[in-house]
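Predicted model only: the values in this text are computed from it and were never measured. As a basis for the values below, the full set of heavy atoms in this structure was taken, side chains included, without hydrogen atoms, waters or symmetry mates.
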Amino acid sequence: MADPRTTAAEVKTPIGRLGGGFMISREAKALCEEHGLAPRELYFRGRCGVLGECEADVVTSVAVFFPSQHVEPNWNGGRKLAAEHAVELYAQACQAWGRRNLGGYGGCARIAELLQPVVEQASSVGAPLFAGWRAVPLPGDPPARAAQLMHVVRELRGGLHANAVIAAGLHPLDATLAADHRGAPLGKSAGEAIARFFEWPEPYATPGPELVARRAAVEEKTDELMAPAFSVLTDGESDELIELLRFGDAR
C-alpha cells in the first residue's frame with residue numbers, strides 16, 4: 001500500500017509528462033499562430049499570467065529554471081495578450097490537448113476524481129503558480145478535467161522543487177545539468193539538452209559527483225515536500241491513482 005511520499009514519487013513522472021504535454025502541443029502552436037505570438041511568449045503569458053499584469057522580474061521569481069534574460073523579452077513580448085485572456089487561452093489549450101490525447105482512456109474520470117481533493121486541500125505556500133492555476137475553473141468532461149488537474153499538480157511540484165533547489169544552495173542551471181532526465185536522445189547529455197532548451201547561455205560545465213549527489217537529494221526532498229498533498233488519499237486510493245497513471249509512463 002502506497003504511503004503519501006511513495007505516491008508523490010510514483011506519480012511525478014506521468015503527471016509531469018501529461019500535465020505539461022499541452023505546452024508544446026499543436027493546440028499551443030495554433031494559438032501562437034492565431035495571435036501572432038512566439039512559442040515562449042505564449043508560454044510565459046499563458047502559464048504565468050495567473051500572477052496578473054506584473055513586471056517581468058516577478059515572473060522570473062517563479063520561472064526559476066529560466067534565465068532572466070530569456071523571461072523578460074518573452075513576457076513583455078506577449079503583452080499583446082492581456083494576462084487574464086492568456087490564461088483562458090492556455091487553459092483551453094490544456095483542455096483540448098486532454099480531449100485529443102486522453103479521450104480514449106477510460107480512467108480519466110477517476111484520475112480527476114482522485115486528484116481534485118489533492119488540489120483543493122494542498123497548501124499553496126511556496127507555490128504561487130499552483131495557487132493561481134488552482135483558481136482557474138475546471139472543465140466538466142473527464143479528459144479535459146484530468147489534464148488540467150494534472151497541470152495544476154505539476155505546478156505544485158514545480159514550485160516546491162524550486163524551493164528545494166534554492167534551499168540546497170544550488171544554482172538553477174547546475175540543478176538542470178545534474179538532473180537525471182529520462183528519455184534523453186542517445187549519445188547526448190540530457191541536462192545540457194534541457195539547459196539549452198531553457199536558453200541558458202553556453203558553454204556548460206560538466207557536473208561532478210558531488211553536484212549530482214546534491215541534486216539527487218533535492219529530488220528526494222521534493223518528494224517529501226509533496227507528500228502532505230497526497231495524504232488526503234487513503235492507501236487504496238493512492239494505489240489506484242498510481243495504477244491509473246501507469247499508462248502515462250511511456251508517453
Side-chain angles (χ1 to χ4, degrees), residues 7-8 10-35 37 39-40 42-50 62-63 81 83-122 124 127-161 182-183 226 229-230 232-233 237-238 240-251:
T7 304
E10 288 290 326
V11 304
K12 64 185 174 185
T13 296
I15 285 181
R17 291 176 178 169
L18 297 170
F22 76 97
M23 295 177 179
I24 54 173
S25 67
R26 69 177 70 164
E27 288 81 7
K29 182 180 179 181
L31 284 177
C32 289
E33 293 173 351
E34 180 181 353
H35 295 278
L37 296 175
R40 287 286 170 81
L42 176 66
Y43 171 82
F44 285 110
R45 290 296 283 181
R47 180 186 171 213
C48 302
V50 292
V62 297
L81 278 182
E84 184 177 0
H85 184 43
V87 172
E88 291 175 355
L89 292 174
Y90 216 49
Q92 289 170 16
C94 176
Q95 295 160 15
W97 182 92
R99 294 178 184 113
R100 177 169 62 86
N101 287 273
L102 308 179
Y105 181 53
C108 286
R110 185 57 176 158
I111 288 173
E113 187 177 2
L114 292 169
L115 287 182
Q116 189 158 350
V118 173
V119 166
E120 290 176 346
Q121 298 182 48
S124 63
L129 291 181
F130 162 73
W133 273 97
R134 176 164 63 179
V136 175
L138 291 167
D141 55 306
R145 193 178 188 87
Q148 188 167 323
L149 283 165
M150 285 190 281
H151 166 57
V152 179
V153 174
R154 184 178 185 271
E155 290 292 10
L156 176 60
R157 186 177 181 91
L160 297 179
H161 179 63
R182 301 185 189 183
M226 280 293 292
F230 290 102
V232 301
L233 302 178
E237 289 171 336
S238 293
E240 187 181 3
L241 179 63
I242 292 168
E243 186 60 33
L244 285 167
L245 287 169
R246 289 198 190 282
F247 84 101
D249 287 339
R251 294 182 70 91

Checklist entry - Picking from E113, Q116, Q95, what satisfies side chain to side chain donor-acceptor pair (under 3.5 Å) with R145? => result Q116
Next on the checklist: Working note: F130 + V119, criterion side chain to side chain contact (heavy atoms under 4.5 Å, CB included); need CA distance, chi angles, decisive distance, verdict.
Outcome noted: CA-CA 9 Å; F130 162 73; V119 166; 4.2 Å; yes
Please round to the nearest 0.5 Å and tell me the distance separating atom [atom1] of [X] and atom [atom2] of [Y].
{"X": "L114", "Y": "E240", "atom1": "CG", "atom2": "CD", "result": "5.0 Å"}
{"X": "M23", "Y": "C94", "atom1": "CE", "atom2": "SG", "result": "8.0 Å"}
{"X": "R246", "Y": "E10", "atom1": "CZ", "atom2": "CD", "result": "6.0 Å"}
{"X": "L244", "Y": "E237", "atom1": "CG", "atom2": "CD", "result": "11.5 Å"}
{"X": "Q92", "Y": "L31", "atom1": "CD", "atom2": "CG", "result": "7.5 Å"}
{"X": "L81", "Y": "H35", "atom1": "CG", "atom2": "NE2", "result": "5.5 Å"}

Residue pair [X] / [Y]: nearest heavy atoms and the distance that separates them:
{"X": "F230", "Y": "S238", "value": "O-OG, 4.4 Å"}
{"X": "G49", "Y": "V87", "value": "C-CG2, 3.3 Å"}
{"X": "G103", "Y": "P143", "value": "CA-CG, 3.7 Å"}
{"X": "C108", "Y": "A146", "value": "O-CB, 3.7 Å"}
{"X": "Q148", "Y": "P139", "value": "OE1-CD, 3.4 Å"}
{"X": "L18", "Y": "F247", "value": "CD1-CZ, 3.8 Å"}

Checklist entry - Stepwise, does the salt bridge (Lys or Arg N to Asp or Glu O under 4.0 Å) test hold for R134 with E155? => result CA-CA 9 Å; R134 176 164 63 179; E155 290 292 10; over 6 Å; no
Item to check | Pair R99-D141, side chain to side chain contact (heavy atoms under 4.5 Å, CB included): steps then yes or no | outcome: CA-CA 8 Å; R99 294 178 184 113; D141 55 306; 2.7 Å; yes
Next on the checklist: Given 3.5 Å as the limit, does a donor-acceptor pair link the side chain of S124 with the main chain of A127, or not?
Outcome noted: no
Next on the checklist: Does atom CD (E84) have a neighbourhood of more than 12 heavy atoms from anything else shown, all under 6.0 Å?
Outcome noted: no
Checklist entry - Checking side chain to side chain contact (heavy atoms under 4.5 Å, CB included) for the pair M226/K12: CA distance, chi angles, key distance, verdict? => result CA-CA 10 Å; M226 280 293 292; K12 64 185 174 185; over 6 Å; no
Next on the checklist: Parallel, tilted or perpendicular: which one describes the rings of Y90 and H151, with boundaries at 30° and 60°?
Outcome noted: perpendicular
Checklist entry - Knowing that exactly one of L102, L245, L149, V11 qualifies, which makes a side chain to side chain contact (heavy atoms under 4.5 Å, CB included) with I111? => result L245
